Amino acid sequence: MKMKPEQLRLIRRQLSTLCERSPFYRTKFAGLDLDAVRSEEDFRRLPFTQKEDLREAYPLGLAAVPESEIVRIHSSSGTTGTPVIIPYTRQDVTDWAEMFKRCYETAEITAEDRIHVTPGYGLWTAGIGFQTGAELLGAMVIPMGPGNTDKQLQMMMDLRSTVLCATSSYALLLAEEIARRKIREKICLKKGVIGSERWGEKMRRRIADELGVELYDIYGLTEIYGPGIGMSCKYACGMHMWDDYFYYEIVHPQTGEPLPEGEIGELVITTLRKEGAPLIRYRTHDLTREVPGDCPCGLPYPRIDIILGRTDDMVKIKGVNIFPGQIDELLRDVEDVSSEYQVMLDHLNGRDIMTLFFETGLSAKADRRRVEKAVQVRCKEKLGVTVTPMAVAIGELPRSEKKSTRIFDNRY
Ligand code: ZN
């Protein structure tokens with residue numbers, strides 16, 4: 001994204017005192033002349049900030065304000081080693097709520113809505129972000145958190161929730177449960193705000209159809225406030241990014257070099273206003289691309305595509321880089337194939353084997369062989385790789401309330 005003059009001004013303001021305020025950046029940028037950063041090109045020469053760097057700052061090494069100004073901390077999931085702790089000032093909390101309110105407004109959600117929040121509450125940023133933004137908007141929040149499907153559906157019916165906030169896998173689980181229990185007429189949902197993970201077009205269509213709602217994508221990550229820093233509008237052509245609060249770049253995941261507009265790469269974010277823990281050129285590991293041109297909705301904020309995958313999910317098989325978004329994309333066009341799939345990678349007799357499990361509504365053996373063949377042809381065309389296709393019945397692949405892993409690499 002082309003750096004705007006206002007963004008450059010905020011970045012220079014940030015850099016002018018950053019090393020005084022932040023012990024983390026004092027070490028990281030030691031020996032660099034930050035006053036010499038006067039243009040986008042200069043800025044792009046600064047080193048990236050990586051998640052591993054943030055881990056080393058555990059617990060409060062990222063703080064760039066005196067402790068008395070920190071009003072809250074959040075933490076990104078510590079499933080792989082030391083967690084990352086992000087401190088927030090009062091202004092950070094306010095800014096995040098403002099951005100989140102803007103997300104709801106972008107989806108034309110109003111104070112009349114009843115917002116059913118299923119993402120979790122606690123150390124991580126999800127639930128509370130959805131809640132504070134909705135309260136600022138003036139809507140009624142139903143702070144469910146995840147799990148307990150019976151209670152979710154009961155509250156959804158009794159309180160007449162109009163907006164569902166969920167991960168895509170949890171929204172799908174609820175949609176399937178509503179269909180199974182035949183309670184669709186008692187559900188008043190109109191909109192779904194779906195966050196935090198990559199999801200395919202088929203899954204989207206199934207959730208939208210079964211719940212009878214319009215779906216919106218919300219973007220964010222704990223290190224940069226949390227969810228709510230970008231949102232799709234009713235035209236569903238990418239997510240608008242609130243570039244008055246941060247500057248983003250899309251770079252080549254391996255080389256870190258900037259990519260031409262429209263090419264898929266890794267999203268890198270710099271905060272412009274964050275006080276508690278400002279971040280410079282933070283690598284999100286999310287794969288996306290810039291959406292060129294203006295949006296028909298008229299919002300002045302630039303757009304990125306919905307998240308197409310994670311650089312960490314990218315696997316190399318037979319010399320080809322593959323990420324889950326590509327598999328979603330190619331399965332979308334094959335008739336009789338549902339949205340759920342799983343990839344198993346194995347190494348047998350000196351060769352890599354890629355097995356692609358997918359769900360289909362077809363049960364006759366001959367029909368399944370036919371659709372397997374179609375999937376195989378499609379993979380060869382799109383990925384350049386020969387896969388072993390395995391059709392299974394709808395519901396046979398695992399559903400989860402958490403981010404679902406779809407590629408399993410058993411080769412090493
Ligand atoms: Zn728009």
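Everything numeric in this text was worked out from a predicted model, so none of it was measured. Numbering of residues begins at 1 and proceeds along the displayed sequence. Remember, it's 1-based here, ligands and their atoms both numbered in the order they're listed.
With sequence neighbours excluded, no residue forms a salt bridge (charged side-chain N to carboxylate O under 4.0 Å, His left out) with K182.
Nearest heavy-atom pair across I194 and A171 is CD1-CB, 3.8 Å. Between D409 and L345, the shortest heavy-atom distance links the atoms OD1-CB, 3.7 Å. Considering every non-hydrogen atom in both L272 and D243, the closest pair reads CD1-O, 3.7 Å.
For the Zn ion (ligand 1), the count of nearby protein N, O or S atoms, meaning those under 2.8 Å away, is 4.
For the pair K274 and Y88, the cation sits on the ring face: its NZ or CZ lies under 6.0 Å from the ring centre, inside 45° of the axis.
Defined by atom type and a distance below 3.5 Å, a donor-acceptor pair is present between the side-chain atoms of D158 and Q154.
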